[in-house]
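Chain naming here is simple, since letters A, B, ... match the order of the sequence lines and numbering starts at 1 in each.
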2 protein chains.
Amino acid sequence: MDTKNDKLTIQQVAEATGLSVHTLRYYERIGLIHPIGRAENTHRRYSTDDIGWIEFLNKLRATGMPIQQMQAYAELQRQGDVSLPERVEMLKELRHNVETHIAELQEHLKLIYYKIEIYQDLIEEPTPEPA
Amino acid sequence: MDTKNDKLTIQQVAEATGLSVHTLRYYERIGLIHPIGRAENTHRRYSTDDIGWIEFLNKLRATGMPIQQMQAYAELQRQGDVSLPERVEMLKELRHNVETHIAELQEHLKLIYYKIEIYQDLIEEPTPEPA
DNA sequence: CTACAATTTAGAGCGTACTCTAAGTCAAGA
DNA sequence: TCTTGACTTAGAGTACGCTCTAAATTGTAG
């Protein structure tokens, strides 16, 4: 129930997560992913838990969180439950940033709608000639 | 009514738009901003129309539009009304991208809320010991 | 056993969007 | 007039997040 031994290759994980094999190794190197277990002491074998973590990383990235903060978060995660308060703080800050960002995008969206409307009117009725 | 002669210095435009003077010159170099008029034939003097355009550029950037597309849009703008249909197409594509992006952020936001909740429960009731 | 494909590491390279430097010109106040 | 500071250009440098290469090893299908 804890760590299923599904043992996927890096190739399979790349397909499953949308990250390239290069990026998967890069993420591990910089500590975003803990050192992955090896089969035959050389080739990586990922567990389904590992996949879950990588998918979470993908979501953090998609929110615009910089790699450095993700590294900090991963480090806290490794420290276990003692780091829960700090992780909550990070998540709250992220929540705030994302909400702010969404609000900003919605503002800009309004302008885009407005411009589309105006431009379409101008296209239908070119150079509104004084009657 | 067309181009007010408010004539701001690059310094003032930087303050007004939030871009650095470096970035303002960079944007002009790469064609995001049309060649700005000069006072005494060397120093740039920006009109309020120029400011308006730069603020629009800022909004495009904030939506995540890459510089290359912004260059294309700026070029269309320079061509005048004949390019209106193409600009509308670009704006529609942008609208789609922004809407998709907002939807994605809202999905991720849900997960963030969920995690905050779970973690806070764990903090209040540490290591739920089997009764 | 032979190929060929996948994996490994360390490290170099790349695309985007700035950001800064150097060397010189210009302007405005004391 | 002197000095201080803003402005100019061309071009170099930087930060971020990958992305790729080289050279060696390992795995697998026939």
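Remark: A:Leu60 CG to A:Met65 CE distance equals 5.0 Å, nearest 0.5 Å.
The minimum heavy-atom distance between B:Leu105 and A:Thr63, with the atom names listed, is CD2-CA, 3.9 Å. Minimum interatomic distance between B:His34 and B:Glu28 (heavy atoms only, all atoms of both residues): O-CG, 3.9 Å. Residues B:Glu104 and A:Ala62 come closest through the heavy atom pair OE2-CB, 3.7 Å.
Checking A:Val21, A:Leu24, A:Leu19 one by one against A:Val13, the side-chain contact (heavy atoms from CB on, under 4.5 Å) holds for a single residue, A:Leu24.
Rounded to a whole Å, the OH atom of A:Tyr26 is 17 Å from the P atom of C:dC14.
Using a distance-only test at 3.5 Å, with no hydrogens or angles considered, a donor-acceptor pair links the side chain of B:Asp50 to the main chain of B:Ser47. Here the side chain of B:Glu15 pairs no donor or acceptor atom with the backbone of B:Gln12 at under 3.5 angstrom.
Five base pairs at each end of the helix from C:dC1-D:dG30 to C:dA30-D:dT1 define two local axes, and these are offset by 0° (rounded to 10°).
Nucleotides of DNA chain D lying under 4.0 Å from heavy atoms of chain A occupy a range whose first and last members, 5' to 3', are D:dG17 to D:dG27.
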Quick one: what's the B/S/- string for nucleotides 3-9 of chain C, heavy-atom cutoff under 4.0 Å, read 5' to 3'? ----SBB
Test log, rule side-chain contact (heavy atoms from CB on, under 4.5 Å), inputs A:Ile36 and A:Arg45: CA-CA 7 Å; A:Ile36 295 293; A:Arg45 288 293 178 268; 5.6 Å; no
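Ring pair B:His101/A:His101: centre-to-centre distance below 6.0 Å.
Contacts of residues 56-78 of chain A with DNA chain D (heavy atom under 4.0 Å): A:Arg61, A:Pro66, A:Ile67.
In A:Glu117, the CD atom is not crowded: 12 or fewer heavy atoms of neighbouring residues, nucleotides or ligands sit closer than 6.0 Å.
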Using distance only, find each side-chain donor-acceptor pair of residues 82-95 of chain A under 3.5 Å and give its atom names and separation, not counting sequence neighbours.
{"from": "A:Ser83", "atom 1": "OG", "to": "A:Leu76", "atom 2": "O", "distance (Å)": "2.6"}
{"from": "A:Ser83", "atom 1": "OG", "to": "A:Gly80", "atom 2": "O", "distance (Å)": "2.9"}
{"from": "A:Ser83", "atom 1": "OG", "to": "A:Arg87", "atom 2": "NE", "distance (Å)": "3.0"}
{"from": "A:Ser83", "atom 1": "OG", "to": "A:Arg87", "atom 2": "NH2", "distance (Å)": "3.2"}
{"from": "A:Arg87", "atom 1": "NH1", "to": "A:Gln77", "atom 2": "OE1", "distance (Å)": "2.9"}
{"from": "A:Arg87", "atom 1": "NH2", "to": "A:Gly80", "atom 2": "O", "distance (Å)": "2.9"}

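Under the rule for a ring pair (Phe, Tyr, Trp, His ring centres under 6.0 Å), the partners of A:Phe56 that lie at least two apart in sequence or sit in another chain are A:Trp53, A:Tyr73.
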